[in-house]
Number of protein chains: 2
Amino acid sequence: MATRGPYAKGVAKREEILSKALEVIARQGYRKTSTRELAAAVGLSEAGLLHYFGSKEKLFEAVLRARDEADTARLGDELDVIDKLGAVVRHNADVPGLVQLYSTFSTEAGDPQHGAHEYFVERYQRLRAALAASVRARQADGTMSTAADPEKIATLLIAVSDGLQIQSQYRLDAEPADVLDHLVELLGAG
Amino acid sequence: MATRGPYAKGVAKREEILSKALEVIARQGYRKTSTRELAAAVGLSEAGLLHYFGSKEKLFEAVLRARDEADTARLGDELDVIDKLGAVVRHNADVPGLVQLYSTFSTEAGDPQHGAHEYFVERYQRLRAALAASVRARQADGTMSTAADPEKIATLLIAVSDGLQIQSQYRLDAEPADVLDHLVELLGAG
DNA sequence: GTCTATACCAAGATAGAC
DNA sequence: GTCTATCTTGGTATAGAC
């Protein structure tokens, strides 16, 4: 039962699929992207496509992981986590299809049976911990109110960022990132 | 060509469908609830069920409208809109199926082609206007910081409430309503 | 009691997941 | 190819306005 791992060709194809999937989804949204269409776009049969990821759910989970990695690579280590969150929200405004993928997927994976449920559980835990640490650091150097509860503010910041992405799909006048900035600014006083 | 309006029988059936739909969704989630199953639960064929609502999307839109009305009826006119939002978030914690329906639906209806898109556009506009008015009222009687921008805070409060419902599906320690309360409390200072 | 919109069903077209 | 899902087509039966 020696497990052999992916061949170089498979790794390359995997990456091609992810980047193509991102492109197609960004153009036409998540719900309208079928595995059939995606398969055609990368020159594979449906079975061939699913061979790499096992299921549609896992494929989209991989797309989101790739996006997280791209965000991390793009933003570097200059900003603290709260500022990064703002930068990502700002950047996302230019990629509506991806926003829809993230929103739809994070919502439907709320079902513990969903293939990507654990991915989001871990992602949210990691994000909350990092944001809470950033809140504490800001409180220590006096740039955030000490009345704020770090854990609750961490949860709040994620909620704001998720919720703004949903609202932004419905003729929202304000820029989502500006609303988030306003919150951080108000939390700085006091 | 005179349009005759629904018969008494139809009105009753419509209500039965809405309440049964809520029940079924609460038990097994939104995505796993098919029109076939729903039709069986109310003793109709699929075509008979769709006769009332036209499409699955419109049916679930009707469920959400009914929930909004129930919330309004239950809460009365004692509370101002911000407090009502908190009360609804608190109440929703007891109806997990509804939370999933609302989250999933509000997300996938982000597509302008979606049957319920206009419903959410109007709902968000109405909510934002009401919340902004409440912010201004609080600023006038000194219970909210005048540094807060009423429009942005209105958008923010909705985002928080939507985002918390998503996060609550992923092993969130804090009570969503407590996080919202914490925000309102912090906005009161200053 | 007539008439027609409403209430409902059987079968199938279409399309996506796998 | 198979299975499952939404929704359409083309009907019959009945409620209830006149």
Side-chain angles (χ1 to χ4, degrees), chain A residues 10 13-14 17-18 20-21 24-25 27-64 97 100-101 104-105 107-109 111 113-117 119, chain B residues 1-21 24-25 27-64 97 100-101 104-105 107-117 119:
Chain A
K13 197 70 189 177
R14 228 185 118 93
I17 293 169
L18 288 181
K20 202 78 184 178
V24 174
I25 291 164
R27 185 162 6 99
Q28 63 187 357
Y30 159 67
R31 299 210 75 229
K32 284 182 193 152
T33 304
S34 63
T35 48
R36 182 164 311 183
E37 196 176 358
L38 231 35
V42 292
L44 287 177
S45 68
E46 280 183 69
L49 174 69
L50 289 180
H51 156 73
Y52 286 98
F53 299 95
S55 69
K56 194 189 183 194
E57 289 170 358
K58 287 294 179 190
L59 163 58
F60 286 122
E61 176 185 324
V63 171
L64 289 179
Q100 234 217 336
L101 167 62
T104 312
F105 213 59
T107 310
E108 69 180 41
D111 180 348
Q113 307 279 301
H114 192 284
H117 186 76
Y119 164 67
Chain B
M1 7 201 276
T3 167
R4 202 180 288 186
Y7 298 162
K9 191 185 179 186
V11 173
K13 198 72 189 176
R14 231 186 122 91
E15 270 170 37
E16 186 196 335
I17 293 168
L18 290 180
S19 97
K20 204 77 185 178
V24 174
I25 292 164
R27 187 161 6 99
Q28 64 186 354
Y30 160 67
R31 300 211 73 235
K32 285 182 194 155
T33 303
S34 64
T35 50
R36 180 165 312 183
E37 201 174 356
L38 228 36
V42 293
L44 287 176
S45 68
E46 281 187 70
L49 176 70
L50 289 180
H51 157 72
Y52 286 101
F53 300 96
S55 70
K56 193 193 182 188
E57 290 171 355
K58 286 294 179 190
L59 162 58
F60 285 122
E61 175 186 325
V63 170
L64 289 181
Q100 231 218 338
L101 167 62
T104 313
F105 211 60
T107 308
E108 71 180 41
D111 181 348
Q113 307 280 303
H114 192 285
H117 186 76
Y119 163 67

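Numbers restart at 1 for each chain; the letters A, B, ... are given by sequence-line order, proteins then strands.
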Whether each nucleotide of nucleotides 9-18 of chain D has a protein heavy atom under 4.0 Å at its base (B), only at its sugar-phosphate (S) or at neither (-) is summarised, 5' to 3', as ------BB--

Heavy atoms only, 4.0 Å cut-off, all strands: where does B:Leu44 land among base, sugar-phosphate and nothing?
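Since only primed, P, OP1 and OP2 atoms lie under 4.0 Å of B:Leu44, the category is sugar-phosphate.
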
Side chain to side chain contact (heavy atoms under 4.5 Å, CB included) partners of [X], counting only residues at least two apart:
X	answer
B:Ser19	none
A:Ala39	A:Glu46, A:Leu49
B:Ala41	B:Lys20, B:Val24
B:Glu61	B:Lys58, B:Arg65, B:Phe105, B:Ala116, B:Tyr119

Starting at [atom1] of [X] and ending at [atom2] of [N], how long is that distance when rounded to a whole Å?
X	N	atom1	atom2	result
B:Leu38	D:dA5	CG	P	12 Å
B:Leu49	C:dC9	CG	P	10 Å
A:Lys56	C:dA15	NZ	P	16 Å
B:Phe53	C:dA7	CZ	C1'	13 Å
B:Glu16	C:dA7	CD	P	14 Å

Name all residues meeting the side chain to side chain donor-acceptor pair (under 3.5 Å) criterion together with [X]; count only those two or more places apart in sequence or in a different chain, and write none if there are none.
X	value
A:Glu37	A:Gln28
B:Arg31	A:Glu108
A:Lys56	none

side-chain contact (heavy atoms from CB on, under 4.5 Å) evaluation trace for B:Lys32 with A:Asp111: CA-CA 10 Å; B:Lys32 285 182 194 155; A:Asp111 180 348; 3.0 Å; yes

In numerical order, the residues of residues 28-36 of chain B whose heavy atoms come under 4.0 Å of DNA chain D are B:Ser34, B:Thr35, B:Arg36

Sorted by position of nearest nucleotide on DNA chain C, 5' first, the leading residue of A:Glu46 and B:Gly5 is B:Gly5

